[in-house]
Amino acid sequence: MKKFLYKKDFLKAFDCYRDSEKELIIMAEKQIRHYYLKQVAPYGLRIKKLFENNEGKTFEARVSDKIRLLYVESKEIVAFAFLGNHDEVRRYIKGFR
């Protein structure tokens, strides 16, 4: 079974969103968790694999038109890494890729 972790960057970004956006983010996070626990694919998040390296597989989920959620899957862990718009996500990825 996978463990779920939340990186500081994810939590910091989450705090900056309005309550209505936070609800969307929480729903998306629950759908991703549900996928790993029950193997039922989330509908509507448009999850795509961005790349894979020795850290694991990095995915992007589309929470809304303006919000993207980045998470990294490794053998035992799913780490929610970052939240932001398309450009912020791209800059974030450049920082650790």
Side-chain angles (χ1 to χ4, degrees):
M1 181 175 300
K2 301 260 188 204
K3 293 180 184 177
F4 297 93
L5 301 175
Y6 300 86
K7 302 265 183 167
K8 283 182 191 177
D9 291 334
F10 180 90
L11 296 172
K12 188 176 176 181
F14 181 81
D15 288 339
C16 295
Y17 285 100
R18 297 187 309 252
D19 287 345
S20 60
E21 294 169 322
K22 286 180 180 180
E23 287 180 32
L24 292 174
I25 294 165
I26 291 168
M27 285 182 0
E29 180 266 344
K30 283 182 180 178
Q31 286 181 354
I32 293 167
R33 279 176 167 265
H34 186 72
Y35 168 72
Y36 284 102
L37 297 173
K38 304 286 185 186
Q39 295 300 303
V40 177
Y43 176 76
L45 287 180
R46 296 187 185 145
I47 293 174
K48 68 178 177 181
K49 182 174 155 185
L50 299 178
F51 62 90
E52 185 173 351
N53 61 19
N54 58 354
E55 300 286 319
K57 299 174 190 172
T58 300
F59 294 91
E60 176 187 82
R62 186 175 175 181
V63 176
S64 72
D65 290 346
K66 297 178 182 174
I67 303 171
R68 304 292 189 270
L69 184 157
L70 265 184
Y71 66 97
V72 180
E73 172 193 334
S74 62
K75 268 189 173 182
E76 299 172 4
I77 296 172
V78 174
F80 293 95
F82 189 73
L83 287 167
N85 65 36
H86 182 74
D87 293 335
E88 291 167 336
V89 166
R90 195 168 7 161
R91 281 192 300 272
Y92 181 80
I93 289 170
K94 283 183 182 179
F96 72 85
R97 193 170 183 195

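Since this is a predicted model, take the numbers as computed values, not measurements.
The two residues Cys16 and Lys12 make their nearest non-hydrogen contact at SG-O, 3.5 Å. The shortest heavy-atom contact between Val72 and Thr58 is CG2-OG1, 3.7 Å. For the residue pair Ala81 and Asp9, the shortest heavy atom distance occurs at O-CB, 3.6 Å. Heavy atoms only, all atoms of each residue included: Asp87 and Arg90 are closest at OD1-NH2, 2.6 Å. Nearest heavy-atom pair, Ile25 versus Val63, reported as atom, atom and distance to 0.1 Å: N-CG1, 3.8 Å. Summarising the geometry of Val89 relative to Gly84, their closest heavy-atom pair is CG2-O, 3.9 Å, with the distance given to 0.1 Å.
Looking only at distances, a side-chain donor or acceptor of Lys2 sits under 3.5 Å from a matching main-chain atom of Ser74. For the pair Glu88 (side chain) and Asn85 (backbone), a donor-acceptor distance under 3.5 Å is present.
The CD atom of Glu55 sits 10.5 Å away from the CD1 atom of Ile77 when rounded to the nearest 0.5 Å. Between the CG atom in Leu24 and the CG atom in Leu69 there is a gap of 11.5 Å [rounded to 0.5 Å]. Here the CZ-CG distance, from Arg68 to Asp65, works out to 7.5 Å after rounding to the nearest 0.5 Å. For the atom pair CD of Glu60 and CZ of Phe51, the computed distance is 11.0 Å after rounding to the nearest 0.5 Å.
Residue Tyr71 forms a ring-ring contact (aromatic ring centres under 6.0 Å, His included) with just one option from Phe59, Phe82, Tyr6, Tyr35, and that option is Phe59.
One hydrophobic cluster holds both Leu50 and Tyr92 under the rule that ILVMFWY side chains link at heavy-atom gaps under 4.5 Å. A single hydrophobic cluster is seen to contain both Ile26 and Leu11, as judged by linkage of ILVMFWY side chains at heavy-atom distances under 4.5 Å, directly or through other members.
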**OP:** Take Met27 and Glu23, measure what side chain to side chain contact (heavy atoms under 4.5 Å, CB included) needs, and give me the verdict at the end.
**Re:** CA-CA 6 Å; Met27 285 182 0; Glu23 287 180 32; 5.6 Å; no
**OP:** Could you walk me through whether Glu73 and Tyr36 pass side chain to side chain contact (heavy atoms under 4.5 Å, CB included), step by step?
**Re:** CA-CA 10 Å; Glu73 172 193 334; Tyr36 284 102; 2.6 Å; yes
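Environment of CD in Gln39: crowded, with over 12 heavy atoms of neighbouring residues, nucleotides or ligands closer than 6.0 Å. Taking a 6.0 Å sphere around NZ of Lys22, one finds it holds more than 12 heavy atoms contributed by other residues, nucleotides or ligands.
Residues Ile32 and Ile47 are in side-chain contact: their nearest non-hydrogen atoms beyond the backbone lie under 4.5 Å apart. For the pair Leu37/Met1, a side-chain contact is recorded, criterion being any heavy-atom separation below 4.5 Å from C-beta on. Using a 4.5 Å heavy-atom threshold, the side chains of His34 and Lys30 count as separate.
The aromatic rings of Phe80 and Phe10 lie tilted to each other, with the angle between the two planes from 30° to 60°.
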